[in-house]
Amino acid sequence: MLDQIHWLAAVTVLGVLEQAYFFLQVIYARRLFRVSPPKISGPPEFERIFRAQANSSEYFPIFLALLWQAGLFFHQGLAAALGLLYLYARYCYFMGYKASSSERLAPIYFSAGVLWILIAVSALGILHFFLSHYVGLNVLQLLTA
């Protein structure tokens, strides 16, 4: 069983570490710009870092759910590769947003595209499972015949 999910687990750990890095960046920015909790407003530089972290945190559960569904129902390797692309895009998004609000746009669009691909792969894998398990229709056999 573990050999079927080890790549998904590794990408999950990398994602958690990335989230921790983003959290730490907010802590450092709070100190640098003297913005004490619970305040969430301050200089634009702080607010961009805070929003980049918050936005990334908001999408993280969606990413995890799609990563695991795509990996379990479609293909672990493809899901893990897409997961790495997503994490890289989110890192670029964070760093771009940290520098300027306009520099976040290309990475956010790219990461959204990766999420849509994960949605499609997940849906195809789940559909294939339901068709083969409950209807007895193996679409892969039909396509290769």
Chemist: Between side-chain atoms of residues 104-111 and protein atoms elsewhere (two or more places apart, or another chain), which donor-acceptor pairs fall under 3.5 Å?
Modeler:
| unit_1 | atom_1 | unit_2 | atom_2 | d |
| --- | --- | --- | --- | --- |
| Arg104 | NH1 | Ser101 | O | 2.5 |
| Ser111 | OG | Pro107 | O | 3.3 |
| Ser111 | OG | Ile108 | O | 3.0 |

Chemist: For a quick test of reading the model, state the closest non-hydrogen atom pair linking Asp3 to Gln76 and the distance between them.
Modeler: O-NE2, 3.4 Å
Chemist: Do any side-chain atoms of residues 65-72 form donor-acceptor pairs under 3.5 angstrom with protein atoms, and if so which ones, sequence neighbours left out?
Modeler:
| unit_1 | atom_1 | unit_2 | atom_2 | d |
| --- | --- | --- | --- | --- |
| Trp68 | NE1 | Thr12 | OG1 | 2.8 |

Chemist: Can you give each donor-acceptor pair under 3.5 Å made by side-chain atoms of residues 40-52, sequence neighbours left out, with the distance rounded to 0.1 Å?
Modeler:
| unit_1 | atom_1 | unit_2 | atom_2 | d |
| --- | --- | --- | --- | --- |
| Glu47 | OE2 | Gly42 | N | 3.0 |
| Arg48 | NE | Tyr97 | O | 3.1 |
| Arg48 | NE | Lys98 | O | 3.4 |
| Arg48 | NH2 | Lys98 | O | 3.2 |
| Arg48 | NH2 | Ala99 | O | 3.3 |
| Arg51 | NH2 | Asn55 | OD1 | 2.5 |

Chemist: Side-chain heavy atoms under 4.5 angstrom apart, residues restricted to Ile, Leu, Val, Met, Phe, Trp, Tyr: same cluster for Leu64 and Val16?
Modeler: yes
Chemist: Please output the side-chain donor-acceptor pairs of residues 83-91 that fall under 3.5 Å, not counting sequence neighbours, one pair per line with the distance.
Modeler:
| unit_1 | atom_1 | unit_2 | atom_2 | d |
| --- | --- | --- | --- | --- |
| Tyr86 | OH | Arg90 | NE | 3.3 |
| Arg90 | NH1 | Ser56 | OG | 3.4 |

Chemist: According to a hydrophobic-cluster definition based on side-chain heavy atoms being under 4.5 Å apart (Ile, Leu, Val, Met, Phe, Trp, Tyr only), do Leu8 and Ile62 belong together?
Modeler: yes
Chemist: Which donor-acceptor pairs under 3.5 Å do side chains of residues 125-133 form with protein atoms, sequence neighbours excluded?
Modeler:
| unit_1 | atom_1 | unit_2 | atom_2 | d |
| --- | --- | --- | --- | --- |
| His128 | NE2 | Asn138 | OD1 | 3.3 |
| Ser132 | OG | His128 | O | 2.9 |
| Ser132 | OG | Phe129 | O | 3.2 |

Chemist: Once rounded to the nearest 0.5 Å, what's the spacing between atom CG of Leu118 and atom CZ of Phe74?
Modeler: 11.0 Å
Chemist: Could you walk me through whether Val121 and Leu124 pass the side-chain contact (heavy atoms from CB on, under 4.5 Å) check?
Modeler: CA-CA 5 Å; Val121 169; Leu124 287 173; 5.7 Å; no
Chemist: Hey, quick one: are Val114 and Phe73 part of the same hydrophobic cluster, counting side-chain heavy atoms closer than 4.5 Å, chains of contacts allowed?
Modeler: yes
Chemist: For residues 1-32, pull every pair meeting ring-ring contact (aromatic ring centres under 6.0 Å, His included), keeping only residues two or more places apart or in separate chains.
Modeler: Phe22-Phe94
Chemist: Under 4.5 Å between side-chain heavy atoms, counting indirect links through other Ile/Leu/Val/Met/Phe/Trp/Tyr residues: same cluster for Val13 and Phe60 or not?
Modeler: no
Chemist: Give the cluster check for Ile27 versus Val35: same hydrophobic cluster or not, with ILVMFWY residues linked at side-chain heavy-atom distances below 4.5 Å.
Modeler: no
Chemist: Looking only at non-hydrogen atoms, find the nearest pair between Pro61 and Ser57 and report the distance.
Modeler: CD-O, 3.2 Å
